[in-house]
Colleague: 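Shown below is the structure under consideration.
Read the numbers this way: they start at 1 and go in the same order the structure lists the ligands and their atoms. Small disclaimer: the values here were computed from a predicted structure and weren't measured.
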Amino acid sequence: VADNRPIGVFDSGVGGLTVVRKAMEILPNESIIYLGDTARVPYGNKTPGLIRLYSQQCARFLLAHDVKLIVVACNTASAVALNTVQEISPVPVIGVITPAAKMALSHSPNGNIGIIGTRTTVRSKAYDADLWQMSEQRRLTVQAAACPLFVPLVEEGMEQHPATRAIAADYLRPFKESPVDVLILGCTHFPLLAEVIQQELPDTTLINSGEAAVSTALGVLNSINARRTATETPRRSFYVTDFPDTFPGIANRFLGVSGVHAEQVSIEELSTHHDHAHHD
Ligand code: DGL
């Protein structure tokens with residue numbers, strides 16, 4: 001049994017390419033369709049209702065491309081819109097929150113867990129809810145900090161800039177004052193700041209939420225016998241809702257390979273997209 005259809009991945013913008021990067025490592029034989037909603041990024045400062053609407057539109061686009069599974073790469077969308085996407089999807093939908101929470105618990109000897117993400121992700125308390133639910137009576141302390149400025153700093157390529165170090169020192173102070181043994185990088189952009197964050201918190205294990213989600217996707221595909229078996233090179237297609245001139249450079253840095261080619265899909269097209277895959 002095999003399923004050669006692509007995996008669909010969507011994100012609020014380019015950040016989800018860090019998740020595609022992990023997918024290319026962990027699932028090298030799988031075809032991928034990526035949609036980045038670059039016209040409407042950031043989601044991280046928006047309210048849940050709007051993020052749910054946008055996420056459904058992104059998912060419908062992927063479903064119309066006959067995907068076998070959807071990965072919600074965006075932490076913010078995973079935090080507030082996962083159910084909304086699952087409701088309209090005939091195929092499995094995997095968010096980043098539950099897999100990352102599970103990975104954090106398994107890497108935390110003392111149950112002191114930190115979370116960083118966008119404002120909406122932190123405010124949603126989605127990570128907290130999953131951690132408590134899976135804690136199995138373990139003693140747990142959970143603390144979270146919103147780090148909104150990290151997103152534009154990474155997009156500007158300022159990972160090593162002194163300003164970024166200063167902001168990191170400020171944002172991460174709570175985790176120095178009461179130390180955590182693991183810190184969930186609860187945002188697509190934060191793996192690019194791993195070095196800076198690790199310098200601030202040298203004794204803390206960092207959890208890449210995208211990597212956790214891709215490992216879960218692998219498990220799901222195995223459990224439903226849906227791995228791709230075709231021997232031709234897998235196809236990887238990238239769509240964006242707007243083409244800012246910073247796109248090629250950012251895409252190369254996030255994905256770790258150069259020459260990423262993306263096609264534009266207009267917001268009008270996205271908002272009128274009704275999935276052919278799901279009319280009963
Ligand atoms: N992709 C978002 C996340 O992982 C970060 C960028 C945004 O705010 O849209 O939360």
Side-chain angles (χ1 to χ4, degrees), residues 8-23 34-59 62 70-82 84-85 93-101 104 114-128 130 144-159 164 167 171 183-194 197 206-214 238-242 244 246-247 250-251 253-255 267 270:
V9 180
F10 79 85
D11 178 54
S12 57
V14 286
L17 294 176
T18 61
V19 182
V20 175
R21 183 183 195 147
K22 286 294 166 194
Y34 180 85
L35 174 64
D37 194 2
T38 46
R40 301 186 292 197
V41 74
Y43 285 9
N45 302 323
K46 293 187 171 71
T47 50
L50 196 55
I51 297 164
R52 286 189 196 110
L53 174 71
Y54 292 174
S55 297
Q56 280 198 342
Q57 291 174 347
C58 291
L62 295 174
I70 293 176
V71 177
V72 183
C74 179
N75 267 265
T76 308
S78 296
V80 301
L82 186 67
T84 325
V85 174
V93 181
I94 294 166
V96 291
I97 309 283
T98 308
I115 302 150
I116 54 174
T118 64
R119 217 174 245 127
T120 298
T121 297
V122 168
R123 190 171 292 152
S124 76
K125 296 201 180 289
Y127 273 115
D128 311 57
D130 273 0
C147 301
L149 288 172
F150 279 171
V151 170
L153 287 167
V154 171
E155 294 202 1
E156 292 298 325
M158 290 171 64
E159 291 93 325
T164 305
I167 290 165
Y171 277 164
L183 180 70
I184 298 172
L185 305 182
C187 177
T188 47
H189 291 55
F190 297 178
L192 282 94
L193 290 172
I197 295 168
L206 307 182
I207 303 293
N208 180 328
S209 55
E211 181 180 3
V214 172
F238 300 91
Y239 294 88
V240 288
T241 50
D242 189 27
T246 49
F247 179 80
I250 296 177
R253 280 192 299 120
F254 279 51
L255 200 59
I267 287 294
L270 208 62

Colleague: Using a 4.0 Å cutoff against the non-hydrogen atoms of Asp11, which atoms of ligand 1 qualify?
Modeller: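 Listed by number with element: 1 (N).
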Colleague: Once you round to the nearest 0.5 Å, how far does OG1 of Thr188 lie from CG of Asn208?
Modeller: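 It comes to 10.5 Å.
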Colleague: Heavy-atom distances under 4.0 Å are what count here, so tell me which part of Thr118 touches ligand 1: side chain, backbone, both or neither.
Modeller: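 Only the side chain of Thr118 comes within reach of ligand 1.
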Colleague: Is it the case that atom CZ in Arg119 sees more than 12 heavy atoms from other parts of the structure closer than 6.0 Å?
Modeller: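 Result for CZ/Arg119: open.
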Colleague: A side-chain contact here means heavy atoms from C-beta on lying under 4.5 Å apart; do Ile197 and Ile116 qualify?
Modeller: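 When only atoms from C-beta onward are counted, Ile116 and Ile197 do touch, with a gap below 4.5 Å.
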Colleague: Considering heavy atoms of the protein only, find what lies nearest to atom 10 (O) of ligand 1 and give residue, atom and distance to 0.1 Å.
Modeller: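 Protein heavy atom with the smallest distance to atom 10 (O) of ligand 1: Thr76 OG1, 2.6 Å.
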Colleague: Write out all pairs satisfying salt bridge (Lys or Arg N to Asp or Glu O under 4.0 Å) with one or both partners inside residues 40-51, taking only residues at least two apart or from two chains.
Modeller: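 Non-adjacent pairs meeting salt bridge (Lys or Arg N to Asp or Glu O under 4.0 Å): Asp37-Arg40.
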Colleague: Which of the numbered atoms in ligand 1 are below 4.0 angstrom from a heavy atom of Gly44?
Modeller: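 Every atom of ligand 1 under 4.0 Å from some heavy atom of Gly44: 7 (C), 8 (O), 9 (O).
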Colleague: So do the side chains of Tyr43 and Cys74 get within less than 4.5 Å of each other, counting heavy atoms only?
Modeller: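 Tyr43 vs Cys74: side chains touch.
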Colleague: Using a plain distance cutoff, I'd like to know if Thr188 has any nitrogen or oxygen under 3.5 Å from a nitrogen or oxygen of ligand 1.
Modeller: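 Such a contact does occur with ligand 1.
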Colleague: Quick one, Arg253 and Ile250 - any side-chain contact, counting heavy atoms below 4.5 Å?
Modeller: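 Side chain of Arg253 against side chain of Ile250, heavy atoms only: contact under 4.5 Å found.
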Colleague: For ligand 1, which atoms, with element, lie under 4.0 Å from some heavy atom of Val41?
Modeller: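 Close to Val41: 9 (O).
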Colleague: Looking at ligand 1, does Gly13 have a heavy atom less than 4.0 Å from it?
Modeller: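 No.
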Colleague: Could you tell me whether Tyr43 and ligand 1 have an N or O pair separated by under 3.5 Å?
Modeller: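 Looking only at distances, the answer is yes, because the N/O contact criterion of under 3.5 Å is met.
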Colleague: For ligand 1, which atoms have a heavy atom of Cys187 less than 4.0 angstrom away?
Modeller: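 That gives atoms 3 (C), 4 (O), 5 (C), 10 (O) of ligand 1.
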Colleague: Hey, can you tell me if Tyr34 and Phe238 have their rings parallel, tilted or perpendicular (30° and 60° cut-offs)?
Modeller: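 Rings of Tyr34 and Phe238: tilted, 30 to 60°.
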Colleague: To the nearest 0.1 Å, how far is atom 2 (C) of ligand 1 from its closest protein heavy atom, and which atom is that?
Modeller: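 The closest one turns out to be Cys74 SG, 3.5 Å.
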Colleague: Do me a favour and list the nearest non-hydrogen protein atom to atom 6 (C) of ligand 1 with residue, atom name and distance?
Modeller: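 Result: Ser12 OG, 3.6 Å.
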Colleague: Any side-chain heavy atom of Ile97 within less than 4.5 Å of one from Leu82?
Modeller: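 In short, these two side chains do not touch, never coming nearer than 4.5 Å.
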Colleague: Please determine whether any non-hydrogen atom of Pro42 lies less than 4.0 Å from an atom of ligand 1.
Modeller: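 Yes, Pro42 has heavy atoms under 4.0 Å from ligand 1.
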